[in-house]
Amino acid sequence: QKTGQVKVTRSEDSFDLPLPFKICRDCGHAFMESDPLIQIYDGGTAVCPNCEGEGKGELFTARHGGRVDQFIFFNNGDYIRDFKTTAYKGDNYDKKFDPNSQIQGYVWAGQQLSGRRFKGAMLETVYNTKTKGPEISQTYVDFSPGQMEQWIGSVMMERQMIQTMWSRVPELGYLAFPQRTNQCTQYGVCGFREAC
């Protein structure tokens with residue numbers, strides 16, 4: 001299907017993909033797949049170099065999932081297209097949707113699914129205003145290969161933090177996630193915003 005110069009190649013596509021790192025079930029440390037410290041035992045079990053031992057330190061592959069609105073071919077390149085809707089447009093609110101880790105995760109998924117480099121994203125923000133009707137704002141954002149590597153690193157740190165919390169449940173007797181506020185952006189942004 002073509003709309004102007006945009007060719008939609010996939011729509012409302014769900015994905016669940018392995019990330020290029022492993023996490024220890026016991027201590028929560030994360031290691032890139034290529035890390036030479038990882039020990040591989042009979043049967044292919046990968047073991048954490050930090051807590052290697054009898055029945056301890058099993059590494060599992062982290063995964064990343066979601067559902068992309070559209071994969072498109074636009075301006076001689078592959079992009080993802082994401083639609084956002086908001087009714088809020090105050091004086092202090094930028095008219096563009098602020099691209100965050102969600103969008104980079106979608107771009108990474110597009111690259112993994114297609115085997116091609118995705119340039120970035122086309123974001124379509126619809127403002128539902130009662131007085132004038134909907135307004136549509138388009139934002140284009142490109143990500144360099146270095147920014148995509150940085151995204152992998154940030155997800156690796158986030159997943160390591162979450163697994164560390166889970167691994168402390170037997171010790172503490174409860175899951176030690178921090179108390180949430182009613183706004184993910186309050187108090188310097190919740191550390192689990194992307195996990196949510």
Side-chain angles (χ1 to χ4, degrees), residues 13-68 71 78 80 82 98-121 141-196:
D13 205 352
S14 297
F15 66 91
D16 178 21
L17 298 166
L19 287 159
F21 58 86
K22 294 183 179 292
I23 301 177
C24 178
R25 291 191 192 280
D26 294 304
C27 70
H29 278 81
F31 302 89
M32 292 302 289
E33 296 273 359
S34 59
D35 194 317
L37 296 175
I38 295 175
Q39 299 293 318
I40 308 293
Y41 284 101
D42 291 340
T45 303
V47 180
C48 172
N50 288 336
C51 57
E52 176 185 354
E54 187 68 32
K56 287 192 72 178
E58 181 185 347
L59 296 174
F60 67 92
T61 300
R63 301 187 71 81
H64 182 65
R67 186 170 68 190
V68 181
F71 291 103
D78 290 298
I80 65 110
D82 199 58
D98 181 25
N100 61 18
S101 183
Q102 175 198 26
I103 303 303
Q104 279 185 279
Y106 286 172
V107 171
W108 176 84
Q111 293 177 163
Q112 301 306 303
L113 292 167
S114 69
R116 297 187 305 271
R117 181 183 177 276
F118 270 52
K119 290 186 175 181
V141 63
D142 289 345
F143 298 112
S144 69
Q147 286 174 306
M148 295 309 297
E149 285 179 26
Q150 189 175 24
W151 176 82
I152 291 287
S154 69
V155 173
M156 186 171 163
M157 287 188 297
E158 164 205 300
R159 302 294 170 87
Q160 178 173 303
M161 181 172 61
I162 292 168
Q163 186 59 32
T164 299
M165 298 291 190
W166 277 108
S167 67
R168 294 195 67 205
V169 169
E171 170 194 343
L172 299 174
Y174 60 90
L175 183 59
F177 280 89
Q179 182 177 356
R180 283 205 174 270
T181 66
N182 62 349
Q183 293 289 331
C184 293
T185 54
Q186 281 184 337
Y187 311 115
V189 180
C190 170
F192 295 93
R193 181 182 181 196
E194 302 307 334
C196 182

Rounding to 0.5 Å, atoms CD1 (I103) and CD1 (I80) come to a distance of 4.5 Å
Using modelled atom types and a 3.5 Å cut-off, is there a donor and acceptor pairing between side-chain atoms of E33 and backbone atoms of P20? no
Looking at Q147, I'd like to know if its CD atom is crowded, meaning that more than 12 non-hydrogen atoms belonging to other residues, nucleotides or ligands lie closer than 6.0 Å. yes
Would you compute the distance between atom CG of D78 and atom CZ of R116 and round it to the nearest 0.5 angstrom? 4.0 Å
So, the side chain of Q163 versus the backbone of R25: is there a donor-acceptor pair under 3.5 Å, distance only? yes
Rounded to the nearest 0.5 Å, the OG atom of S144 sits from the CD atom of E149 at a distance of 8.5 Å
Check the orientation of W151 and H64. Use parallel for under 30°, tilted for 30 to 60°, and perpendicular for over 60°. perpendicular
Drop me the distance from D26's CG to L59's CG, to the nearest 0.5 angstrom. 9.5 Å
Does Q160 form a side chain to side chain contact (heavy atoms under 4.5 Å, CB included) with F21? I'd like the steps, not just the answer. CA-CA 10 Å; Q160 178 173 303; F21 58 86; over 6 Å; no
Begin with the C-alpha distance, continue with both residues' side-chain angles, and end with the deciding distance and a verdict on side chain to side chain contact (heavy atoms under 4.5 Å, CB included) for L19 and M156. CA-CA 9 Å; L19 287 159; M156 186 171 163; over 6 Å; no
Using every non-hydrogen atom in the two residues, find where C48 and F31 come nearest and quote the distance to one decimal. SG-CE1, 3.8 Å
Assign the ring pair Y106 / F15 to parallel, tilted or perpendicular, where the plane angle (0 to 90°) is split at 30° and 60°. perpendicular
To the nearest 0.5 Å, how far apart are CD1 in I23 and CD in E58? 13.0 Å
Distance col, row Q104:CD vs I152:CD1, nearest 0.5 angstrom, shows 9.5 Å
Verdict with reasoning, W108 to F143, per side chain to side chain contact (heavy atoms under 4.5 Å, CB included): CA-CA 10 Å; W108 176 84; F143 298 112; over 6 Å; no
